[in-house]
Amino acid sequence: MVKEKKENIIDSNLQRKHKLRTKGVKVWYDDFMAIKGIDMNIKANKVTAFIGPSGCGKSTFLRLFNRMNDYVDGFRLEGEVTIDGENIYKKKVNVEQLRKQVGMVFQKPNPFPKSIFENVAYGLKIQGLKDKKFLQEKVERSLKRVALWDEVKDDLNKSALALSGGQQQRLCIARALAVEPSIILMDEPTSALDPLSTSKIEELIYELKKDYTIVIVTHNMQQASRVSDYTAFFYLGELIEYDKTKKLFTNPEKKQTENYITGRFG
Amino acid sequence: MTSLDQQKETLNQAGLEMLHLCSKQLDNAREAFFTHDSDLAEEVVHTENRVNALDLKIDRDCERFIALHNPVASDLRFVLALRKINFDLERVGDHAYGISKYIIELNTPIDEELLIKMRVHEMFDSALSMLEDITGAYDEVDTKKARKVFKKDKILNEINMDSFRIISEEVKKQPELINQFLITFSIIKKLERIGDLVTNIAEEIIFYREAEVLKHRKKKKINRSKE
């Protein structure tokens with residue numbers, strides 16, 4: 001029997017208006033229906049914020065785009081999730097290649113217990129890239145991209161765990177950028193950071209959207225309104241409202257959205 | 001009630017207080033003008049301090065509300081609208097003060113016949129009626145009531161437009177009364193401005209409630225679009 005070859009199906013050179021799309025997406029964790037049928041188009045090179053109360057399904061929905069939910073017991077999906085027009089849940093999809101295209105940053109900075117250099121070069125090394133000069137260039141470029149280079153250039157061999165929380169989070173973003181994704185998913189990336197580090201990450205998000213499509217889950221309403229171009233409000237597994245951020249935060253269509261963003265929910 | 005709701009209600013009540021205060025100022029100025037009561041006019045002049053103090057308080061409280069509560073959507077529209085309403089009301093208060101100053105300076109009452117010819121009574125009544133409507137509209141957040149003032153403002157505009165012609169004719173007939181004519185003309189101008197300020201307030205109430213910006217739009221279209 002011939003084993004089916006897994007392919008990298010995403011061609012990010014294609015310029016499409018909508019980078020990410022979902023059609024009739026439903027998600028179950030065993031019997032619990034976490035996502036109840038969502039159609040959504042996410043624009044390329046824009047920042048899209050997902051907001052909603054805890055348990056509304058926003059993180060589950062975010063993790064669909066790099067198939068992070070695959071590891072969760074009892075996870076089941078119905079509907080289509082496409083990136084650049086290709087269904088990423090087709091059997092022949094190479095999930096490692098998919099995750100190279102779709103970087104992720106988590107709530108708590110999670111650097112590896114290795115040096116700063118090794119952290120950023122990690123993704124490239126596991127792809128088999130060994131050329132020292134190439135790796136050095138990539139690491140420098142990624143660290144410069146997240147405005148961390150000047151702070152760490154003389155200590156690249158120092159443990160990443162010695163960095164501050166804000167620096168660690170920027171390092172994690174640099175690590176994600178090193179493998180050249182076209183999409184970055186951020187799951188509450190600043191909830192563990194102080195205001196100054198938060199502001200640096202937000203500036204970075206603003207800078208990065210020129211080259212990346214960014215989706216961010218946040219519980220901070222001001223953050224959503226500051227950094228995003230589009231905002232989606234989720235509640236009980238449904239997409240209640242999805243609009244331009246400037247519209248949603250000044251004149252939302254739905255009463256539920258208004259109650260949530262003004263802090264009167266429930 | 002959340003802390004934000006409490007603050008919003010406090011601000012709302014301050015706005016209502018400003019509306020009542022400025023309406024009362026104009027009402028007293030009217031009474032003082034027609035009865036030539038300089039004591040009442042003095043009272044209006046003194047009360048202007050209260051108007052200014054309340055104006056400053058509302059401004060400061062709005063600033064704090066924005067800084068401390070980061071309002072969005074209808075809460076943000078509320079506080080933005082209230083700031084402008086407060087500004088407009090302070091100007092209404094200034095005009096009531098200005099009218100009262102004239103009354104104090106006048107040695108003899110203005111000829112009743114001239115006042116009738118210039119429709120000054122009608123103008124005062126319309127301006128006060130507009131203020132009454134807008135107070136109700138603000139208190140009940142009733143945009144239908146707010147829209148009523150656009151029609152009433154037309155009466156003020158019409159009287160104002162006619163006043164120039166009437167004054168020009170009258171001053172030729174009785175040049176010795178030039179001082180009275182000029183004061184009457186100034187008062188008409190002030191009342192016409194009050195009408196404009198009240199329509200601005202109506203626009204702000206509509207902006208708060210319906211998120212619709214009516215500024216610089218033809219009022220005819222505004223009324224028609226809601227019919």
For atom OH of Tyr89(A), is the number of surrounding heavy atoms from other residues, nucleotides or ligands below 6.0 Å larger than 12?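 For Tyr89(A), atom OH is crowded (more than 12 foreign heavy atoms under 6.0 Å).
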May I have a table of the donor-acceptor pairs connecting chain A and chain B at distances under 3.5 Å?
| unit_1 | atom_1 | unit_2 | atom_2 | d |
| --- | --- | --- | --- | --- |
| Phe249(A) | O | Ala73(B) | N | 2.9 |
| Thr250(A) | O | Arg77(B) | NH1 | 2.7 |
| Glu258(A) | OE2 | Ser74(B) | N | 3.1 |
| Glu258(A) | OE2 | Ser74(B) | OG | 2.2 |
| Arg264(A) | NE | Asp5(B) | OD1 | 2.9 |
| Arg264(A) | NE | Asp5(B) | OD2 | 3.4 |
| Arg264(A) | NH1 | Asp75(B) | OD1 | 3.3 |
| Arg264(A) | NH1 | Asp75(B) | OD2 | 2.9 |
| Arg264(A) | NH2 | Asp5(B) | OD1 | 2.7 |
| Arg264(A) | NH2 | Asp75(B) | OD1 | 2.9 |
| Arg264(A) | NH2 | Asp75(B) | OD2 | 3.3 |

Toward chain B: residues of residues 190-214 of chain A with heavy atoms under 4.5 Å: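 So no residue qualifies.
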